[in-house]
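I have placed the structure first, in the form of structure tokens, so that the comments after it can refer back to it.
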Amino acid sequence: METVIGIDLGTTNSCVAVVEGGQPTVIANRGGYKTTPSMLAITEAGKRLVGHIAKRQAVTNAEHTVFAAKRLIGRKWDSQQVQNAVTNCPYGIVPGPHEDARIQLRGKVYSVPEVSAMILQEMKMIAEDYLGHAVEKAVITVPAYFNDNQRQATKDAGKIAGLDVIRIINEPTAAALAYGFGKSVDKTVAVYDLGGGTFDISILEISGTGVFKVISTAGDTFLGGEDFDLRIIQWLVDSFREEHDIDLREDRMALQRLKDAAEKAKCELSAVDQSEVNLPFIISNARNEALHLQRVLARSQLEDLTRDLVDRTVHTCEQTLEEAGLEKSEIEEVILVGGMTRMPSVQRAVADFFEREPSKGVHPDEVVALGAAIQGMALTRDTSDMILLDVTPHTLGIMVVGGYFEELIPANTTVPTSSSKVFTTVRENQTAVKILVMQGESHRAEENELLGEFILTGLRKAPAGQVEVEVTFEINADGIVSVHAKDLETGQQQSITVTATSGLTVDEIKNMVSEAKDFAVARRQSDEAESATQEAEKLIAQIEQLFPEVEQVVAGSDFGRDAIEKARGVVDKARLLLEAGDVEELSEQIDALARTQRMFKGVVGKVG
């Protein structure tokens, strides 16, 4: 059976998992960490850094280090969320050619899916190093409240990274899969998922027969740990401005230092009552005097600064329960997902709202990737004892006269599904109708997202209201939306398959795929070179340690002297190859070094 990996592409951290022998396992990276920072940096020399190595140099390379790219994916340049990011991020965010937001690093402009692809490619390589073979298929998770364009952008990112994304699934749903996998669970559960950049709440019914049915889902794709960090940053900036009349936001390096300090303080305050923020030499004043920032933040202060953010999540939970038609008492388990659920005030708010202590039975940082891997296994097995019934997170409909939005498929409808409505012409002798397909929750069409449009022509001329047109929406199991419009009198029809866009053209994606492949080859060669160099240096050091003992053992023997000379020749050649950087020949020379080392150990061992 082909291996399918599950990837949680997170705002702050990403995680990759696989199912082996029926057991889902999170794969650690080279540093032994099970999560990898979702960060990308381009160095002055043009080298790409991803993960922990990117995070370590973020302060000194703030303008060219990207974090929280997931908050920008699939968004328009003129959206409020993107403009907020432009203000608060030290790296450059610029308008793209297709009204999308893009990221500028070292003079080169990258699309957001391209940046996300670099992180996904890193997760792919982590999995391949662990498994020992190439990986092509993946299930990638997204926030439940992502719209079609954001989902397509994530899928495009996977394609650029060299992955066949066989399914995009919702993060809370993935968490529920991991929670219920291999257990005889028969419960109605709420998954409260507050991560680095997004918030989701999903209500699911899990049956003992392996059916996972999503009843309702809601969320906020711009609410997460980043916003909690921003509150701390603002508090630090305001207090420093009051003292020195200097705005630290205007210095990009200072802003990145504030970001790191805020994140550290926030994490510490989940375990202690106070945290000290100490940033010496944060900036210089007009007299070129170095200024320092030193503040003590109490947990109670942090809770005051972020109370409204926590309240927003609770309000969304209330709406989701209403839409599900459930009382709090009917929720039998509350599952906490995402790093922000470690915050005591978040845990208290969840416990108070649901009137029960949340479950601590899953790892908040790893459970989503595990669920994605489980779904990947289920999709590739011939028979499956696990059935996932998900919902469409947003209402789908069309624009009608007056600029209003007429829904055809409400949010939280189980997919696959279809729905039809009959509309009439609104003008005298109208021979065509334009169908504007939209997604959103507002009654005003202009406040929702346009997914596509098409025209049904050939209608007979008649007074307004006499010609009837039936509009049918269909959503398949993969979430692909198709819309049909039919003249009920003549049977003439027109249709469209709504293709979400990530803001990238086919040619752009093709070029990015090619660049990603080139990088992967270069990265593998670089890794092989590093590995061969380390192995050769280790063997040379071990052989040189053994030389004195071997010379003592074989003293006076012609055979022994010849063996030592040959050994010196092997070592000298390996040194030359190391200096020349000839990896191919060095790899072959390693075998000769290993034989020499074994021979020397044998000689010394016989005497011992």
Side-chain angles (χ1 to χ4, degrees), residues 4 6-10 15 17 19 22-26 139-146 151 167-195 198-219 313 316-317 320-321 323-326 328 330-341 350 353-354 356-379 384-393 411-415 477 479:
V4 180
I7 300 176
D8 172 11
L9 178 61
C15 186
V19 176
Q23 188 64 36
T25 305
V26 170
V139 170
I140 301 176
T141 62
V142 295
Y145 222 54
F146 257 22
R151 291 167 189 269
R167 188 65 56 88
I168 295 283
I169 68 166
N170 295 332
E171 289 163 1
T173 309
L177 289 178
Y179 166 80
F181 181 71
K183 304 173 191 166
S184 183
V185 177
D186 205 337
K187 288 181 178 179
T188 300
V189 303
V191 181
Y192 178 102
D193 183 354
L194 184 60
T198 59
F199 169 68
D200 287 313
I201 175 72
S202 291
I203 312 294
L204 299 95
E205 287 179 353
I206 305 175
S207 75
T209 57
V211 177
F212 294 76
K213 183 181 180 182
V214 181
I215 303 171
S216 68
T217 192
T313 71
T316 305
C317 290
T320 309
L321 269 182
E323 289 168 9
L326 294 172
K328 296 177 188 179
E330 295 178 83
I331 303 297
E332 298 167 86
E333 194 86 80
V334 181
I335 303 165
L336 296 182
V337 180
M340 281 306 304
T341 59
V350 173
F353 175 75
F354 286 102
R356 64 172 56 248
E357 285 300 314
S359 168
K360 302 285 180 69
V362 298
H363 194 295
D365 299 327
E366 300 172 9
V367 65
V368 170
L370 290 169
I374 291 165
Q375 175 69 355
M377 176 198 69
L379 290 171
S384 176
D385 51 4
M386 189 185 81
I387 299 170
L388 173 60
L389 300 173
D390 217 331
V391 298
T392 176
N412 296 315
T413 300
T414 301
V415 293

Closest non-hydrogen atoms of T316 and G219, given as atom of the first, atom of the second and distance, are CG2-N, 3.9 Å
If you round to the nearest 0.5 Å, how far is CG of L388 from CD of Q375?
5.0 Å
Minimum heavy-atom separation for L9 to I140, with atom names?
CB-CG2, 4.3 Å
May I have the step-by-step check of side-chain contact (heavy atoms from CB on, under 4.5 Å) for V4 and M377, ending in yes or no?
CA-CA 7 Å; V4 180; M377 176 198 69; over 6 Å; no
With the side chain counted from C-beta on, respond yes when P393 and F146 share a heavy-atom pair under 4.5 Å apart, and no when they do not.
no
Once side chain to side chain contact (heavy atoms under 4.5 Å, CB included) is applied, do any residues pair with A372, and if so which ones, sequence neighbours excluded?
V139, T141
Measuring from atom CD1 of I374 to atom CG of L379, what distance do you get when rounded to the nearest 0.5 angstrom?
12.0 Å
Starting from the C-alpha separation in whole Å, work towards a yes-or-no answer on side-chain contact (heavy atoms from CB on, under 4.5 Å) for V350 and L336.
CA-CA 9 Å; V350 173; L336 296 182; 4.0 Å; yes
From CA spacing to verdict: side-chain contact (heavy atoms from CB on, under 4.5 Å), V211, L389:
CA-CA 8 Å; V211 177; L389 300 173; 4.1 Å; yes
Mind checking salt bridge (charged side-chain N to carboxylate O under 4.0 Å, His left out) for D365 and listing every partner two or more places apart, or none if nothing turns up?
R342
Are V26 and C15 packed together at the side-chain level, in the sense that at least one heavy-atom pair is separated by less than 4.5 angstrom?
yes
Would you check if the side chain of R356 reaches a backbone N or O of V334 as a donor-acceptor pair within less than 3.5 Å?
no
For E333 and S359, work out which heavy atoms get closest and say how close.
OE2-CB, 3.5 Å
Closest non-hydrogen contact found for I206 with A176 is CD1-O, 4.1 Å
Taking all atoms of both residues into account, what is the closest heavy-atom pair of N170 and D390, and its distance?
ND2-OD2, 3.3 Å
With sequence neighbours left out, the residues meeting side-chain hydrogen bond (donor to acceptor under 3.5 Å, both in side chains) with E323 are N412
Check side-chain hydrogen bond (donor to acceptor under 3.5 Å, both in side chains) between T414 and all other residues, then give those that pass, not counting sequence neighbours.
none
What pairs meet the salt bridge (Lys or Arg N to Asp or Glu O under 4.0 Å) rule with one or both residues in residues 169-181, with sequence neighbours excluded?
K70-E171
Kindly compute the distance separating CD1 (I169) from CG (L177), expressed to the nearest 0.5 Å.
5.5 Å
Can you sort out the partners of S184 under side-chain hydrogen bond (donor to acceptor under 3.5 Å, both in side chains), two or more places apart, ordered by chain and number?
none
Contacts of A175 that satisfy side chain to side chain contact (heavy atoms under 4.5 Å, CB included) - sequence neighbours left out:
V191, V337, V367, V368
Under the side-chain contact (heavy atoms from CB on, under 4.5 Å) rule, what do V19 and T25 come out as? Steps first, then yes or no, please.
CA-CA 6 Å; V19 176; T25 305; over 6 Å; no
Could you give the side-chain donor-acceptor pairs of residues 198-205 under 3.5 Å, partners two or more places apart or in another chain?
from : atom 1 : to   : atom 2 : distance (Å)
D200 : OD1    : A144 : N      : 3.3
D200 : OD1    : Y145 : N      : 3.2
D200 : OD2    : A144 : N      : 2.8
S202 : OG     : T217 : OG1    : 2.7

E332 (side chain) donor-acceptor with K187 (main chain) under 3.5 angstrom:
no
T320 and A218: which non-hydrogen atoms are nearest, and at how many Å?
OG1-CB, 3.3 Å
Taking side-chain hydrogen bond (donor to acceptor under 3.5 Å, both in side chains) as the definition, give me every residue that meets it alongside T313, ordered by chain and number, with sequence neighbours left out.
Y192
Only counting residues at least two apart or in another chain, list the ones meeting side chain to side chain contact (heavy atoms under 4.5 Å, CB included) with K183.
Y179, V185
Could I get the full list of side chain to side chain contact (heavy atoms under 4.5 Å, CB included) partners for F353, not counting sequence neighbours?
V314, C317, E318, L321, K328
